[in-house]
Amino acid sequence: MTDTNEKIRSLFLTALMVFSVFAGTIAFSGGAAAAANVTVEQAVEYDSGTVELALNGSTGSTVTDTDIDVYIDGNKNPSKYGVTNVGADGTSERLQFSLDQDVQPNRNLTVKVSNLTGGDGTVVAEDIDVTSETITANTKNDTELNAFRGEVIAIEKTSADDSDNSPSIEVEADSVVLSDSYTDNSEVYTVDTSDFDTGEDYTISVDNNEEAVVTISDLSLNVNIDDDVGDGANIDDTDTLAINVSTNRGGEPANATLFNEDDDKVDTIIKNLKGNDNTVFDFGNHSADDSPYYVEVTDNQTGVSAQSDQINVSESDDGEASFETGTVQDELGDVANITVQVDNTEDAVINVGSQNDDNYYIQGQLTDEDGDGEVTVQFNSYTAGTDGTNTVLSVPGDDDLDEVEEGGDFSRTNLSSDALEAGSYSINVTAGTSPDVTSPDAVGTLQLNENSVENVKTWAAPSDADIDDEDVDIYDRIGVNLTESDDLAAEDVVVHEIQASGIEGALEYEQEDGSASDATEAFIDATDTTPDRINSSDTTDSGLRLYVNRTDVGANADANPVNFTNSSDAVTVVDDPDNNTYFVAVDTSDVVFENGKTIIDEEDTRLNATFSVREGPLTDDRNSGSAIYTTSERDATLNLDDDDLVTVSAAAGQEVTGETNVAPGSELEVEMESENEANPFVLRPETDVAPDGTYTATADFSDYSAGTNFTVRTLDVDGSNDFSDEQDGRIVKADTATVSISEQESDGSEVVVDSAQLSEGGFIAIHAGNASGDVVGNSEYLEAGSHEDITITLDEPMDEDFTAVAMPHQDTNGNEAYDFPGDDDPYTQNGSAVTDSANVTIVEEDQTEAPDTETETEAPDTETETEEETDAPATDEPATDESETTAAEGPGFTAAIALIALVAAALLAVRRNN
């Protein structure tokens, strides 16, 4: 039965394929235009630009290349498709010629032949089959071909087939799929693979000779409408109509054609596809009048096509624009951020200022390109009035700004002229693109206040600090490697925090319209730092000035300023314009004074840093702020004991401490070198300077003998500069301790430690849970030596079981009082605290109470009605064995009966179902 079905299926497919081929031929023939008493029976482009017309009669005269016109997509005789090499001239009922270039399968090819005898002297072949692959029938079966389903393959007849004017053609898979023969007067047969199965091998035979095996693959050409690409399948006429296209083969071009509801072409985009990735075809917005639309995408190389779903476009509601806030405030000279919100539109027109009220205006056309419903407009009040010469309006991100127009009676020839006056300026915004605004959607106010310099203060940072590292916010450095200070070590970085409003616009101008590439270059370009102008009225256009002068030069001498021209590499600027704050970091190791000396040369200096906005374009009055700070030679001092030694124990985790004037966060090394040839060592533990200027280096001395002497010194940052005095050190015998605690019961108020041995005396602390848990109690001071059964009262009674961790502590400050943390560190072994732990079970004290003889027994309520009766006799005598059994077993018996009833009901239900 299965074989019969397969045979019927094969016969049906064969008949269907044959019918489709002949039906196509008949349809083509019927549509061919009659001319010169002959018609075109078949027209094919194959073999890289060869065109064949199979005619039903002779042209009567020889066709030459000048008689042939070629139309590609309706364009007549494109230059790169010139006609050459007319092979068959038409007199033998076949016309064959070549084109300069192969025609891609997605193109429409039409041929018109003129100057023929009879009729109107022309014959036309329209919409010629363009094939993507050609197989030459040479009886050798030497062709293995991979084709994508939907490609059209040409089978070219050769001289070997001349004996049979119309050889048979068969295409087989598991059975015959196609059986046909060449069209009369044609040497080319076409096979359309659209109905072939992907993954199948198809054998093509000509006159029973196998010529080729074609493996069919799926191009997987997918055309999707995606909200991530455009605005979806149901959009309005202000939205973006877009599709994304994917295929499993990349790098080849494809045509995407947009059609309207009448199947008219609206637009075509050509792009290269990407293998297994989406290619976006964006057609912009379109009218609702021609909706619905669809997009057809054709792979140029194979001719395979795919079509999108329907895209419905409706008329949009009226667009509206508004301001996020009706009043925007900033200082004159800054960049004001004005946020415009748009609804049902991407476009809006903004106006800042008014010719009538402010004698100044600027207008711009906004586009919400990223589709988030808002556009932030940046208005640079420093450059305003320059008539578009410099950037006044701008938008950050992906949004767009066009058609900027600035005007009004107020204008400036250059930036050194007076800027806008401080005050209120009207702003308005209107949805759409028309510049003629008569009724704006929203109005508001831009309030420009007077600018000022509020404060200058200084911070210290390590000499190797990367202040402008984008991965670390400068505020996050505070307390780590940025510390407020007016006393710095030479070679460290001094950071001048300038709190000033009205300078943001000048810095943005230097980056937008000048040559500055970052905030540092912008600040240097916008700010006057030239030493020889210190007593001069000359200034930059902005009027900004920064002078750092050495003031400890003695009487009757001019201040010695820093020459920033020769110290430009020492400057780094981090700006925070939203908070009117600018951090100007100066590496003191690269600072050069006007007299040519450096801070390092001078060792100790007193400096005055002054930032000011001079009288000029931004202010009528000078605003300034100053900070005074000193620099001194880098120094570090090691902490010594009463014998002026650095003393450590022959154990791990030994700490060597000191104090330094270098910036907190700086990295130091403490070098400890043995003086004993029999016990040599050189240790260099690294440490960071703490916020209070102290440092602690930790090293392991457990492998070295007590009594060994060594030297200690502190090395700077890279470990190469010694900037502390060398001190003597000594290894002493390590303090030791043991402790033991057993599992126990307790009322929660105390625990008992079995034993402890302390080499130098101290305390036993109890931690809850683990060694890093809270300290819940500690012993009194214990003398050096051994101790047993040490009872420790807990700070607060424990109300549930816990793990008690016993930890011996030293009495490091000798006051016989437990002062940990701070002093009285734990005894350690191999770098870890000495501990022992045990489970403590909390038990309640026995509380036996005498019976209350005065307790009154309440008589039973004889009037109470009960729903159940008991078989026990209503007497004062004890219940009989029978009544006790009944009372004990009754509930169990009831539960058993209920269980049996449930099982029986279940069995009955099953029986009924069966």
Side-chain angles (χ1 to χ4, degrees), residues 328-338 349-365 377-395 401-428 435 445-453 500-516 521-528 530 533 536-546 575 577 580 611-624:
V328 178
Q329 294 201 44
D330 218 321
E331 284 73 38
L332 179 63
D334 280 335
V335 178
N337 291 319
I338 306 170
V349 175
I350 186 172
N351 284 279
V352 178
S354 164
Q355 169 61 42
N356 294 331
D357 298 332
D358 306 315
N359 297 305
Y360 169 81
Y361 71 88
I362 188 167
Q363 182 184 83
Q365 169 68 55
V377 182
Q378 296 182 327
F379 174 75
N380 191 336
S381 60
Y382 169 68
T383 59
T386 53
D387 194 23
T389 304
N390 303 305
T391 301
V392 180
L393 281 187
S394 62
V395 295
L401 171 69
D402 292 309
E403 308 299 328
V404 177
E405 179 184 344
E406 188 177 28
D409 294 338
F410 171 79
S411 62
R412 305 163 67 192
T413 57
N414 54 60
L415 293 173
S416 60
S417 304
D418 286 345
L420 286 173
E421 293 181 1
S424 296
Y425 292 84
S426 63
I427 56 176
N428 65 65
T445 301
L446 170 62
Q447 179 69 44
L448 293 179
N449 303 313
E450 297 285 355
N451 53 55
S452 63
V453 179
S501 61
I503 69 175
E504 178 189 3
L507 303 191
E508 181 166 300
Y509 161 75
E510 295 296 345
Q511 294 187 74
E512 295 291 337
D513 299 292
S515 59
E521 291 185 8
F523 187 88
I524 292 174
D525 291 345
T527 307
D528 178 14
T530 307
R533 291 185 184 172
S536 167
S537 60
D538 294 339
T539 184
T540 58
D541 288 340
S542 64
L544 306 182
R545 283 189 174 185
L546 174 63
D575 61 339
N580 292 327
F611 179 81
S612 64
V613 181
R614 305 287 292 184
E615 179 181 349
L618 295 177
T619 183
D620 293 332
D621 299 311
R622 181 178 183 270
N623 297 318
S624 66

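If you're wondering where the values come from, they're calculated on a predicted model, not measured in any experiment.
Taking both residues in full, the closest heavy atoms of Leu507 and Phe523 are given as CD2-CA, 3.6 Å, listed atom of the first, atom of the second, then distance. Across Ser515 and Glu521, no two heavy atoms sit closer than the pair O-OE1, 3.8 Å. Looking at every heavy atom in both residues, Glu406 comes nearest to Gly385 through OE2-N, 2.6 Å.
Distance check, rounded to the nearest 0.5 Å: OG1 of Thr391 to CD of Glu508 gives 8.0 Å. Here Asn359 contributes atom CG and Tyr425 contributes atom OH; the two are 9.0 Å apart, rounded to the nearest 0.5 Å. One finds the CG atom of Leu446 at 8.0 Å from the OG atom of Ser381 (value rounded to the nearest 0.5 Å). Rounding to the nearest 0.5 Å gives a distance of 8.5 Å between CZ of Arg614 and OG of Ser624. Rounding to the nearest 0.5 Å gives a distance of 7.0 Å between CG of Leu546 and OG1 of Thr527.
Side chain of Thr619 to main chain of Glu615: no donor-acceptor pair is present (N/O by atom type, distance under 3.5 Å, no hydrogens or angles). Proximity of a side-chain donor or acceptor of Ser501 to a complementary backbone N or O of Ser452 within less than 3.5 Å is detected.
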>> Working note: Leu618 + Tyr382, criterion side chain to side chain contact (heavy atoms under 4.5 Å, CB included); need CA distance, chi angles, decisive distance, verdict.
In response: CA-CA 8 Å; Leu618 295 177; Tyr382 169 68; 3.8 Å; yes
>> For Gln363 and Asn351: C-alpha separation, side-chain torsions, deciding distance, then whether side chain to side chain donor-acceptor pair (under 3.5 Å) applies.
In response: CA-CA 4 Å; Gln363 182 184 83; Asn351 284 279; 3.1 Å; yes
> Under the side chain to side chain contact (heavy atoms under 4.5 Å, CB included) criterion, do Val453 and Val613 qualify, and how do the steps go?
Replying inline: CA-CA 7 Å; Val453 179; Val613 181; 3.9 Å; yes
>> Is there a side chain to side chain contact (heavy atoms under 4.5 Å, CB included) between Tyr361 and Val352? Walk through the geometry before answering.
In response: CA-CA 6 Å; Tyr361 71 88; Val352 178; over 6 Å; no
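For the pair Asp358 and Ser426, the minimum side-chain heavy-atom distance is below 4.5 Å. Put simply, the side chain of Asn623 reaches to within 4.5 Å of the side chain of Asn451, judged on heavy atoms. The side-chain heavy atoms of Leu401 and Leu393, taken from C-beta on, include a pair separated by under 4.5 Å. Within the 4.5 Å cutoff, the side chain of Phe611 has heavy atoms near those of the Leu544 side chain. Val404 is not listed as a side-chain neighbour of Val392, based on a closest heavy-atom distance of 4.5 Å or more. The shortest side-chain heavy-atom distance between Pro617 and Arg412 falls under the 4.5 Å cut-off. Put simply, the side chain of Thr386 reaches to within 4.5 Å of the side chain of Leu415, judged on heavy atoms. You'll find the side chain of Asn380 stays beyond 4.5 Å of the side chain of Ser394, heavy atoms only.
Taking the six-membered ring where tryptophan is involved, the planes of Phe379 and Tyr360 are tilted, since the angle between them lies from 30° to 60°.
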Result block: side-chain N/O donor-acceptor pairs under 3.5 angstrom for residues 331-338, not counting sequence neighbours:
| unit_1 | atom_1 | unit_2 | atom_2 | d |
| --- | --- | --- | --- | --- |
| Asp334 | OD1 | Gly502 | N | 3.0 |
| Asp334 | OD1 | Ile503 | N | 3.3 |
| Asp334 | OD1 | Glu504 | N | 3.1 |
| Asp334 | OD2 | Gly502 | N | 3.1 |
| Asn337 | OD1 | Gln378 | NE2 | 3.4 |

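Under a cut-off of 6.0 angstrom, the local environment of CD in Glu421 is sparse, with at most 12 non-hydrogen atoms contributed by other residues, nucleotides or ligands. The environment of CG in Asn414 is crowded: more than 12 heavy-atom neighbours from other residues, nucleotides or ligands sit within 6.0 Å.
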